[in-house]
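I have placed the structure first, in the form of structure tokens, so that the comments after it can refer back to it.
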Amino acid sequence: MLQMESGLFTATIMIYVAAMILFFLFIAFKREGLARVAIFVQAAGLVIHTAALICRGIGAGRLPMTNQYEFATSFAWGLSLVSLIFILRFKFPMLGAFAIPVTILIIGYAAMQSKEVRELMPSLRSSWLGVHVSTAIIAYGAFGISFVLGIIFLLREKMRDSEFWNRHVPSRDKLDLISYRSVCLGLLFLSFTMITGAIWAEQAWGSYWSWDPKETWSLVTWLVYAVYLHLRIRRGWRGKAAAIFAVIGFICVLFTYVGVNTFLPGIHSYA
Amino acid sequence: MQKRLKRIGGFFSSMRFGIALLVVLAAACALGSFLPQGYALDWYLNRYPARTAALIYGLGLDDVFHSLWFLVLAVVLCCNLLLCNLLHLPGVIRRWKNAGDPAAVPECPEVSLDGVPSPKEVFTRMHLPAPREAERDGRKMLFSAKSRIGVWGAWVCHLGIFLLIVGFILGQATKTEYTVYGVPGQTKQIEGTDLSVTIDAFDIDHTENGSVQQYTTRLTMHRGAEAQSGTARVNAPASLFGYRVYQNSTGSAAKLTVTMDGNVQQEEVVCVGESVSVLQTPLVLTLEAYEEEYYDAGNGQKLPGFAYSTSYMGQVDRAGVQVAGDTALRYGSVEISFSEPQNYTLLQIKRDRYTPLVLLGGLVTLLGLLLAFYLQPSRVWALETEGGGWTVCGAGPRGNAFFADLLREAAGKTPENREKQEESR
Ligand code: HEM
């Protein structure tokens with residue numbers, strides 16, 4: 001099963017790279033048909049990716065969400081899923097061209113991690129693991145999309161005169177709204193992650209909040225996005241400022257995910 | 001003076017102040033995660049220049065999350081949230097009422113419904129409930145609204161955060177926490193309470209591959225003549241006498257035997273790290289460590305080793321390792337030895353009466369976010385024109401740039417932006 005997973009994982013990377021090339025060709029040749037094929041290829045990649053995760057789960061005899069490799073590949077899966085939803089929901093294939101390189105970067109990071117299947121320590125043998133980590137994956141995926149949208153927003157200003165951009169990228173108002181919606185989705189799921197994590201921590205460690213670096217940084221990320229929401233309301237921070245904020249927010253997300261594990265080990269160090 | 005007070009009150013309840021608090025809290029959390037926490041002043045002096053170390057210590061940055069200023073920040077945030085919610089309550093109620101009131105619709109651009117067979121069709125296309133009839137400026141009106149409840153989203157979310165922080169602060173201030181360790185058969189008094197704990201059994205389950213699957217302690221808690229029994233496992237604490245008992249960790253222990261002239265004088269189980277007085281003399285023996293495969297006895301047989309140290313009247317006396325079956329120490333006719341290695345269980349016993357409040361706060365916050373983000377109210381109303389035709393207007397969720405398009409599409413028109421694009425082409 002694990003061997004099959006390894007093959008599917010490699011296939012996923014290759015298919016995502018193919019989708020990325022197709023998205024780039026769509027921009028280069030301005031052919032809408034290419035965008036449709038790229039979306040289809042990405043969807044196929046997502047199916048293979050899902051199969052790889054299922055094989056990993058069966059091979060390891062548990063949910064594939066417990067070490068750096070598993071979490072990174074799940075994170076990439078979440079980003080791919082959320083980006084496809086947003087592409088289809090908002091009829092916005094250009095989003096794919098910007099989201100898929102980020103997905104490939106994250107799955108590439110996964111490929112560099114050890115794929116060894118280790119037995120879980122008793123505290124990780126909990127049904128909360130699935131809820132806690134899968135909500136984190138959706139949250140990170142959604143924040144990833146708001147980051148990508150922030151970048152598209154900033155580029156859109158520069159491409160104001162491009163007819164292709166005007167046709168294929170929503171108006172600035174709508175881009176801003178889609179980015180806001182993805183932050184909302186991310187914040188809701190991050191809150192879910194933090195609450196389920198707290199319930200689990202109370203059962204496993206006897207304390208629902210221990211100021212462990214991972215907890216602390218997820219709180220920092222949560223606060224940063226809460227500030228983003230309020231600045232939107234209070235100061236009408238839309239558009240450029242909001243886009244820059246979405247980029248900063250995602251840097252916090254990445255720090256919570258990679259930076260904390262690398263620089264600030266704590267009780268979450270296994271994640 | 002009153003004006004000034006009002007202005008100060010206004011500032012403390014304002015969103016501007018709230019945002020500033022959130023930023024400061026985020027910065028404090030980041031600082032607390034980067035600066036090593038909980039060390040003594042000497043440690044910081046060794047690591048940083050004297051002035052920096054003094055600053056860290058003086059400002060309580062060595063323990064940010066338990067410092068007074070952090071607590072003050074949290075309390076101020078609570079007050080800010082509470083005041084903000086109180087001040088906004090009438091406005092929220094008004095918006096909630098208005099969201100379902102045909103008389104309270106704002107002025108909006110009207111979209112004609114030429115191509116739509118019946119004005120009611122628009123409401124179906126917009127996934128709104130069947131419209132009710134009303135009147136506006138003498139014109140016939142059809143009105144429908146949905147997700148009025150969403151008006152409460154931010155308010156409920158703030159209430160949740162308020163409850164969560166209050167529960168957290170009260171919990172920190174009042175919670176009690178004890179640690180008990182021992183081997184099956186031992187009864188330990190919980191210091192500072194009238195409770196004692198008997199460890200009835202301690203099991204370690206392994207998987208087929210030999211790694212640990214679960215630690216389980218069966219225990220009985222006594223208060224006077226009353227007793228309650230339970231089982232504590234990792235991820236499944238026991239609840240006894242209002243306390244939660246957590247399976248925290250485990251370690252090695254061994255039986256200590258002291259004989260004099262061959263007769264057993266003292267026999268007890270000692271856990272690694274634990275010290276005991278030998279025959280009630282000033283000689284104190286500590287079991288420092290236990291290693292299962294310490295000594296190679298040949299023929300592939302490995303014997304365990306018990307590392308120990310002794311002190312006499314506070315002065316370190318001896319240290320060594322006793323291989324299983326040997327004697328550790330001899331003092332004249334007194335012989336001291338370790339045997340029967342076993343595992344002890346370490347339990348954490350806690351009581352935090354405010355945990356349910358924190359949980360409630362968390363759930364209310366989630367509910368608020370859900371309402372604020374996914375149940376924003378929208379209203380659509382159709383107005384009859386003088387010629388007997390209809391126009392439609394709508395007010396969507398705050399800042400929803402797509403709502404106007406949806407409405408135009410429901411009215412059988414091209415969305416505005418596509419229209420513009422086509423024009424520009
Ligand atoms: C602690 C973290 C906080 C969170 C997670 C939070 C959450 C929210 C959310 C989700 C909204 C709705 C936003 C939207 O619809 O786009 C909101 C609105 C608002 N927040 Fe907060 N909030 C927080 C703290 C504060 C604080 C400290 C204040 C200070 C007064 C505040 C004042 C407001 C106000 C006035 C609104 C607009 C209310 C409305 O439109 O009905 N918030 N907040």
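Chain naming here is simple, since letters A, B, ... match the order of the sequence lines and numbering starts at 1 in each. What you are looking at is a predicted structure, and each value in this text was computed from that prediction instead of being measured.
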Hey, are A:Thr216 and B:Ser33 close enough side-chain-wise for a donor-acceptor pair under 3.5 Å?
no
Heavy-atom proximity to chain B below 4.5 Å, by part of A:Ile199
side chain
A:Tyr69 atom OH: more than 12 heavy-atom contacts under 6.0 Å
yes
Under 4.5 Å to a heavy atom of chain B? For A:Phe192 that would be both
Above 12 or not: heavy atoms from other molecules or residues under 6.0 Å from CZ of B:Arg218?
no
Region of A:Trp222 in contact with chain B, defined by heavy-atom distances below 4.5 Å
side chain
Considering only heavy atoms from C-beta outward, does the side chain of A:Tyr228 approach that of A:Tyr180 to under 4.5 Å?
yes
Bottom line for B:Gln348: the part with an atom under 4.5 Å from chain A's heavy atoms is side chain
Answer key: most heavy-atom pairs under 4.5 Å with chain A among B:Lys350, B:Gln213, B:Glu177 is B:Gln213
Does B:Arg233 have more than 12 heavy atoms from other residues, nucleotides or ligands lying within 6.0 Å of its CZ?
no
Salt bridge between A:Glu163 and A:Lys30, side-chain N to carboxylate O under 4.0 Å?
no
Identify which part of B:Leu164 has an atom lying under 4.5 Å from any heavy atom of chain A, answering side chain, backbone, both or neither.
neither
Let me know if B:Val358 has heavy atoms under 4.5 Å from chain A in its side chain, its backbone, both or neither.
side chain
Beyond-backbone contact of B:Thr216 with B:Thr231, side-chain heavy atoms, under 4.5 angstrom:
yes
Heavy-atom pairs under 4.5 Å with chain A: which of B:Asn235, B:Leu369, B:Val234 has the most?
B:Asn235
Is it the side chain or the backbone of B:Leu367 that comes within 4.5 Å of chain A heavy atoms, both, or neither?
neither
Quick one: what part of B:Leu359 sits under 4.5 Å from any heavy atom of chain A, side chain, backbone, both or neither?
side chain
Could you label the plane-to-plane angle of the A:Phe164 and A:His168 rings as parallel, tilted or perpendicular, counting under 30° as parallel and over 60° as perpendicular?
tilted
Measure distances from A:Ser207 to the heavy atoms of chain B and classify the residue's part below 4.5 Å as side chain, backbone, both or neither.
both
The interface call for A:Leu229 against chain B, heavy-atom contacts under 4.5 Å, is side chain
A:Phe86 and A:Phe90 aromatic ring geometry - parallel, tilted or perpendicular at 30°/60° bounds:
tilted
As an exercise: rank A:Ser126, A:Gly206, A:Ala204 by heavy-atom pairs under 4.5 Å with chain B and give me the winner.
A:Gly206
Using non-hydrogen atoms only, which part of A:Leu188 is less than 4.5 Å away from chain B: side chain, backbone, both, or neither?
both
In this structure, CG of A:Leu63 is separated from OG of A:Ser134 (nearest 0.5 Å) by 8.0 Å
Using a cut-off of under 4.5 Å for heavy-atom pairs, which of B:Asp352, B:Thr207, B:Thr365 has the most such pairs with chain A?
B:Thr207
Would you say NZ of A:Lys240 has more than 12 non-hydrogen atoms from neighbouring residues, nucleotides or ligands within 6.0 angstrom?
no
Indicate the ring-plane relationship of B:Phe11 and B:Phe17, choosing parallel, tilted or perpendicular according to the 30° and 60° boundaries.
tilted
Pick one of side chain, backbone, both or neither for B:Ala236, based on which atoms fall under 4.5 Å of a heavy atom in chain A.
backbone
Where does B:Asp205 contact chain A at under 4.5 Å (heavy atoms): side chain, backbone, both or neither?
neither
Pick from B:Gln37, B:Gln214, B:Arg16 with the largest number of heavy-atom pairs that fall under 4.5 Å of chain A
B:Arg16
Pair count under 4.5 Å, heavy atoms only, with chain B: among A:Ser127, A:Cys184, A:Ala198, highest is A:Cys184
